[in-house]
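Excluded from the calculations below are hydrogen atoms, water molecules and symmetry mates; all remaining heavy atoms, backbone and side chain alike, are included. Letters A, B, ... mirror the listed sequences (proteins, then strands); counts begin at 1.
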Number of protein chains: 2
Amino acid sequence: MDDTTPVRAGTAAWWLARTEKADDRPRRRRMLSLDLIADTALSVLDSEGADALTMRRLAHELRCSQASLYRHITSRDELVVVAMDRAVGQGLHAPPEGLGWRRTVEWQAHSFRDFLLAHPGLVAFIRGTERLGPSSLSGMEHSLGQFIAIGLSVREAYATASAFATFVVGSVQFNMGVDTANPDEQRLRRRLYEGLDPQRYPILVANAEELSRVGSREEFEFGLAALLDAIEARITPRRPGP
Amino acid sequence: MDDTTPVRAGTAAWWLARTEKADDRPRRRRMLSLDLIADTALSVLDSEGADALTMRRLAHELRCSQASLYRHITSRDELVVVAMDRAVGQGLHAPPEGLGWRRTVEWQAHSFRDFLLAHPGLVAFIRGTERLGPSSLSGMEHSLGQFIAIGLSVREAYATASAFATFVVGSVQFNMGVDTANPDEQRLRRRLYEGLDPQRYPILVANAEELSRVGSREEFEFGLAALLDAIEARITPRRPGP
DNA sequence: ACCTGAACACCGTTCAAGT
DNA sequence: ACCTGAACACCGTTCAAGT
């Protein structure tokens, strides 16, 4: 084990070191803790956006010095990784019972997407480095159980759960910078398409009006249905071969 | 039109203003230009990562003052948006002819994914705000043509192309921080799973070894096949209803 | 008319000095 | 033993002053 080079936040090595260290961490009776710092970071990020999340701001919010923060974290990056795992935990909710597997997965995908849309400040910080944190692993454990229960192998279940996570998060992230939150955006997008060079962009120019009306929702529903159909095809028993 | 509030980089309004302004921009005979700055930014980002991309570094690289950069861009954010659209252009290649639609789309998805994996420094900066840039729209124009040609409506073609883009980019982004580039990562991930609380994470603990071996590639292939199957199902003519 | 040195108002991080 | 004021080495951005 090489302790000289610093371990990048979010890697397996890093999460491992954290869980192993947690046991012999001295009990502190002060209020300040990593969890408190992370939750404060989340609330600042959520309510005021990325620019507001500074060490100075956190220290002010927690009524301590900036230097004190570094007794619980080794860097801002590390704090973000921990905070995002907690955010994932906040976004995962138990689905209603008795829906059947397909509608259950559908519900979960929509539910998490709605959470992300409601907290745009967090979205840009989800980078996959929180995948191995306790809350994210909890979500994975749950998904694995679901997919194994309907007949997928462990390996298939993992790939499937990952693909869903990727698509739900990716869909929100990819549209965040650009989507129709601003009501003018649609009209302006139409003008943008209309004004393109018709030689180079014939389809975009010819269908400017219709294309400007397609939102990220439609893309999301298409991709989600595709993934669900793929699972359905896999668990449908095939007829015996020749 | 409200000119007082600054337009956020990457929105339709912003791309529109850029194209409209381009015409009456004075011809300059100096070498410095937005394109040159953007390309320099890309090469710095690609070879040395996000931290190296500073205005000071760019100015040094281009042998000009920092202030000169601001004659061509209004902010670093804006520069990043333009640069990323150019990067997308570099990552898109014409597929070999005569593959049939499914293998063509498959080829494109793999090709773009390989590009991203080969240029990890760029990946974190793809945020969707480059969607409306000339290179990205060129990719969209091409994809629309493909999907319309096999029978999808304009609207379906757009949602489909977007879902592919989301999934390919999202899959790389979501695994970038964490994937098996480091050969130790797999072993450490296994140890991480093994050391979890078996009450809370029974499946992860029981399948630690197998799960640690599933990489992002498997997830990618699953999702890609699912999307392709979904297209296939849509273009297969249904029998007339009752 | 064009360019830029030098400054401004910030960052994340560290550590000697306090209690 | 614990905490922190003040500094350090950076940022992105601006503008008065140069040519």
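Side-chain N/O atoms of B:S65 include none lying less than 4.0 angstrom from OP1 or OP2 on C:dG5. Using a 4.0 Å cut-off, no side-chain N or O of A:R56 falls inside it from OP1 or OP2 of C:dC10. Look at B:R76 and you won't find any side-chain N or O under 4.0 angstrom from OP1 or OP2 of D:dT13.
With a 3.5 Å ceiling on both atom-pair distances, the Watson-Crick or G-U wobble partner of D:dT4 is C:dA16. Judged by Watson-Crick or G-U wobble contacts below 3.5 Å, the nucleotide D:dC10 has no partner.
Here the side chain of B:C64 is nearest to one of D:dT14, C:dT4, D:dT4, namely C:dT4.
Rounded to an integer number of Å, the gap from CD1 of A:I73 to P of C:dT13 is 7 Å. Atoms CG (B:L58) and C1' (D:dG12) sit 12 Å apart, rounded to a whole Å. One atom, CG of B:L79, and another, C1' of D:dC11, lie 15 Å apart when rounded to the nearest Å. As a whole-Å value, the separation of A:L69 CG from C:dT13 C1' is 11 Å. Atom pair A:H60:NE2 and D:dG5:C1' shows a separation of 17 Å (rounding to whole Å applied). Taking atom OH of residue A:Y70 and atom P of nucleotide D:dA7, one finds them 18 Å apart after rounding to whole Å. In this structure, A:E78 atom CD and C:dT13 atom P are separated by 10 Å, rounded to whole Å. Spacing between atom CZ of A:R63 and atom C1' of D:dC3 amounts to 17 Å, rounded to whole angstrom units.
Residue B:L53 is classed as a sugar-phosphate contact, given heavy-atom separations below 4.0 Å to backbone atoms only.
Not a single donor-acceptor contact under 3.5 angstrom links the side-chain atoms of B:Q66 to the base of C:dT4.
With respect to the salt-bridge test (charged N to carboxylate O, under 4.0 angstrom), the residues B:D35 and B:R86 qualify.
Mapped onto DNA chain C by nearest heavy atom, A:M55 and B:A67 fall at different nucleotides, with B:A67 at the one closer to the 5' end.
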If you look only at distance, which donor and acceptor atoms sit under 3.5 Å apart when one is on a side chain in residues 164-171 of chain B and the other is two or more places apart or in another chain?
from	atom 1	to	atom 2	distance (Å)
B:T166	OG1	A:E219	OE2	2.4
B:T166	OG1	B:S162	O	3.1

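In the displayed structure, B:H93 atom NE2 is contacted under 6.0 Å by more than 12 heavy atoms of other residues, nucleotides or ligands.
Because its NZ or CZ atom is both nearer than 6.0 Å to the ring centre of A:F220 and within 45° of the ring axis, A:R113 counts as a cation-pi partner of that residue.
A side-chain N or O of A:E221 and one of A:H110 form a donor-acceptor pair less than 3.5 Å apart.
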